[in-house]
Amino acid sequence: MDKELLLTRYFDGVLSEEDRQKLLEWLKADPLHIEQYVIESCIHRSIYETLNSQDTQKVVSGFMDSKGACAADFWDALLKEEKTAPTVAMEAIRDKCELGTLIPDKTHIERSHGKFNTLAWFTTFASLAALIIMLVYVHLNPKIISEPVAVLDDMVNPKWDMSGIVAKTGDQLFTRQGIYRLTSGIVKIKYDSGAEILVEGPCAFEPITYDEIAIYSGRLYAYVPSRTLGFIVSAPNAKIIDLGTGFGVYADNSGNTDIHVLDGKVSLVAGTKADTRQSQIVYENQARRVKQQSESIQEITFKGGTFVQGINSKTNFIWRGQPLDLSDIVGGGNGLGTGRQNMCIDLRSGMLIDSVPRERLQRKTPYVAVQEMDYIDGIFIPDGSKGPIQVTSQGHLYECQPTMGESYYGVFNGSILPLKIGDKGYVDYPLQFKGKIYGTAERPAITLHSNLGITFDLDQIRKSLPSEGRITRFSAKCGVVQGPEQSVKIDDYSNFFVLVDGVERFRAVDINYLSDLREVELELTENDRFLTLMTTEGRDKSLHLGWAFFAEPQLNCAVTGQ
């Protein structure tokens with residue numbers, strides 16, 4: 001088979017096992033074949049980079065470097081391989097003619113002479129000379145070409161050092177323009193190749209190529225989808241080559257570089273000198289440090305939560321991989337502590353208010369949309385006495401038990417509720433369960449007095465995550481808070497339900513203040529849109545002290561692949 005066809009199939013990644021053997025035999029046949037293979041590989045890589053927005057200088061430099069590779073390191077490695085390779089027996093070539101072989105008489109054959117085409121030879125020579133001159137000129141006079149390779153996708157409270165480049169959301173990021181110096185805040189960079197980079201100030205960085213970014217100091221997180229395999233983060237004393245991952249890099253002011261792999265694996269190359277360079281594969285939940293002076297690799301404690309993995313400037317969302325707190329969202333926050341405690345969503349208006357209604361609430365509207373809160377779809381009083389009830393703004397229905405159609409307070413995320421006690425009027429009563437107060441920052445909770453429901457919009461929450469982020473699980477604990485000693489009744493019961501797109505996924509019935517907290521664990525997929533938490537009156541058919549609550553309600557999130 002033609003060797004050019006073999007090489008073409010090799011570069012296209014479609015070489016069969018039989019062809020591979022033929023290619024190996026061709027390489028072994030002559031050292032010049034190996035040199036030709038190396039040069040063609042370099043040319044192939046250069047063409048690939050050109051088609052991916054690389055400049056001409058890189059093509060020429062890559063080709064010139066290929067000669068150096070053949071003459072030095074490559075041939076040293078080849079010589080070592082030749083010394084250690086097993087001996088291959090070769091069939092002896094017969095240099096004598098066998099008896100009976102006819103030998104033609106060449107004494108009467110006249111040698112013919114073709115005409116010498118002077119113009120053709122001159123043209124060929126001139127073209128070759130022009131090509132050599134052009135290559136030498138480009139190599140000695142490189143033209144710096146700046147090309148766009150990424151976009152600044154989002155920013156949260158950024159401040160730029162005026163000595164560097166200043167950028168704003170939507171700006172393209174170019175190679176060969178200089179160093180970006182972010183003094184504070186966080187920026188999100190989306191490479192054209194698909195890689196996403198989160199940079200946290202103070203940090204100095206620079207786009208190098210379409211598949212490489214350099215960090216000189218500071219902290220960044222890189223998420224690289226599988227289609228962009230091979231993305232490189234360069235630090236002063238190391239290179240981190242992606243192998244399908246999410247990883248964080250921290251370059252401190254002392255010259256050390258820390259690498260924390262949150263997903264998949266990376267190839268870590270430590271050192272700047274070829275003769276002392278070390279390499280190592282670093283896997284998920286592992287961390288390594290490259291020391292500045294020794295350029296050695298040492299194991300360190302994994303701390304993936306120190307890197308920002310997602311931002312959303314509209315909601316001031318800064319995600320470091322931690323679970324999202326739904327009680328914080330009820331308080332008007334983004335799930336990461338930006339909400340306020342002791343806030344209530346009014347069942348009558350769907351608005352967020354800072355006081356708890358004291359009067360009894362009745363079911364007048366089947367479903368109340370919550371317009372001002374992106375992550376909450378709506379709230380409602382469940383009552384199935386007239387048929388299935390609406391539990392989402394998209395019309396999902398649920399076969400609910402008949403209830404009184406009434407409730408108290410509204411959806412609340414605090415630790416204090418107003419309670420009327422005889423002639424004393426209303427007093428603030430702490431929401432406590434077995435001696436512990438719930439609804440605080442330490443023990444977050446959503447209080448849903450019997451006959452209340454709230455629906456969260458998971459798609460809106462996903463928009464705050466990285467572009468390939470996903471919600472994997474909902475977890476919580478549910479129970480009934482103990483009332484005042486003079487009012488508590490052992491037969492005050494509440495029922496708990498968790499729905500996904502109107503389908504029941506969890507149920508706990510006839511729970512009172514003596515019951516243990518019930519664990520809720522639900523796996524969620526990217527197709528799940530609405531999460532509904534709901535309570536109803538228990539078998540006592542009464543609202544008396546139906547102080548039902550969901551403690552520590554959380555959404556666990558991950559980037560695709562984790």
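The figures here come from the full heavy-atom set of this structure, side chains too, leaving out hydrogens, waters and symmetry mates.
Put simply, SG on Cys203 and CD1 on Ile215 are 4.0 Å apart, with the number rounded to the nearest 0.5 Å. For the atom pair CG of Asn312 and CD of Gln460, the computed distance is 10.0 Å after rounding to the nearest 0.5 Å. Taken from CD in Gln278 to CG in Leu268, the straight-line distance is 9.0 Å, to the nearest 0.5 Å. Annotation: the span from Asp528 atom CG to Thr472 atom OG1 amounts to 11.5 Å, rounded to 0.5 Å. Once rounded to the nearest 0.5 Å, the distance linking CG of Leu522 with CG of Asn556 reads 11.5 Å. Here the CG atom belonging to Asp258 is positioned 9.5 Å from the NZ atom belonging to Lys303, to the nearest 0.5 angstrom.
With contacts defined as side-chain heavy-atom distances shorter than 4.5 Å, the pair Asp457/Asp374 does not qualify. Within the 4.5 Å cutoff, the side chain of Asn334 has no heavy atoms near those of the Ile318 side chain. Ile300 has its side chain within reach of His260: a pair of non-hydrogen atoms, C-beta onward, lies under 4.5 Å apart. Side-chain contact between Phe474 and Val520 is present, with heavy atoms from C-beta onward closer than 4.5 Å. Side-chain contact between Tyr180 and Val187 is absent, with no heavy atoms from C-beta onward closer than 4.5 Å. Taking the side chain as every heavy atom from C-beta outward, Leu465 and Ile471 approach each other to under 4.5 Å. For the pair Lys265/Glu284, no side-chain contact is recorded, criterion being any heavy-atom separation below 4.5 Å from C-beta on. Within the 4.5 Å cutoff, side-chain heavy atoms of Thr338 are placed close to those of Asp328.
Ser464 and Tyr375 share a side-chain donor-acceptor pair at under 3.5 Å. Asp154 and Ser313 share a side-chain donor-acceptor pair at under 3.5 Å. Glu206 and Tyr216 share a side-chain donor-acceptor pair at under 3.5 Å. Neither side chain, Gln341 nor Ser415, offers a donor N or O lying under 3.5 Å from an acceptor on the other.
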Residue pair Asp192, Tyr210: steps toward the side-chain contact (heavy atoms from CB on, under 4.5 Å) verdict: CA-CA 7 Å; Asp192 298 341; Tyr210 70 99; over 6 Å; no
Verdict with supporting geometry, Leu458 and Arg529, side-chain contact (heavy atoms from CB on, under 4.5 Å): CA-CA 5 Å; Leu458 300 180; Arg529 169 74 186 275; 5.8 Å; no
Salt bridge (Lys or Arg N to Asp or Glu O under 4.0 Å) between Arg462 and Glu526, worked out: CA-CA 9 Å; Arg462 290 185 183 101; Glu526 60 183 9; over 6 Å; no
Residues Asp377, Tyr367; criterion side-chain contact (heavy atoms from CB on, under 4.5 Å); working and verdict: CA-CA 10 Å; Asp377 184 66; Tyr367 191 80; 2.5 Å; yes
side-chain contact (heavy atoms from CB on, under 4.5 Å) evaluation trace for Tyr191 with Ile213: CA-CA 10 Å; Tyr191 267 73; Ile213 188 170; 3.4 Å; yes
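The two residues Asn413 and Gly331 make their nearest non-hydrogen contact at ND2-CA, 3.4 Å. Of all the heavy atoms in Val370 and Gly350, the pair that sits closest is CG1-O, 3.5 Å. What you find for Ile376 and Val330 is that their closest heavy atoms are CD1-CA, 4.0 Å. Shown here for Gly310 and Leu198, the closest heavy-atom pair between the two residues is N-CG, 4.2 Å. Scanning both residues, Ser355 and Cys344, for their nearest heavy atoms gives O-CB, 3.8 Å. The two residues Pro553 and Asp325 have their closest heavy-atom pair at O-OD1, 3.5 Å.
Put simply, the side chain of Asp242 gets close to the backbone of Gly230: a donor and an acceptor are under 3.5 Å apart. Between the side chain of Asp501 and the backbone N or O of Phe530 there is at least one donor-acceptor pair closer than 3.5 Å. Listed for the Glu519 side chain is no donor-acceptor partner under 3.5 Å among the backbone atoms of Lys477. At distances below 3.5 Å, not a single donor-acceptor pair connects side-chain atoms of Asp161 with backbone N or O atoms of Thr183. One N or O on the side chain of Asn237 and one on the backbone of Gly255 form a donor-acceptor pair closer than 3.5 Å. Here the side chain of Asp153 pairs no donor or acceptor atom with the backbone of Lys188 at under 3.5 angstrom. A donor-acceptor pair is defined here as one N or O able to donate and one able to accept, closer than 3.5 Å; no such pair exists between the side chain of Gln298 and the backbone of Lys291. The backbone N or O of Leu152 sits nowhere less than 3.5 Å from a side-chain atom of Asp171 that would complete a donor-acceptor pair. The closest donor-acceptor contact from the side chain of Thr245 to the backbone of Phe247 lies at 3.5 Å or more, if one exists at all. Using a distance-only test at 3.5 Å, with no hydrogens or angles considered, a donor-acceptor pair links the side chain of Arg320 to the main chain of Thr306.
The aromatic rings of Phe205 and Trp160 sit tilted relative to each other, their planes meeting at an angle between 30° and 60°.
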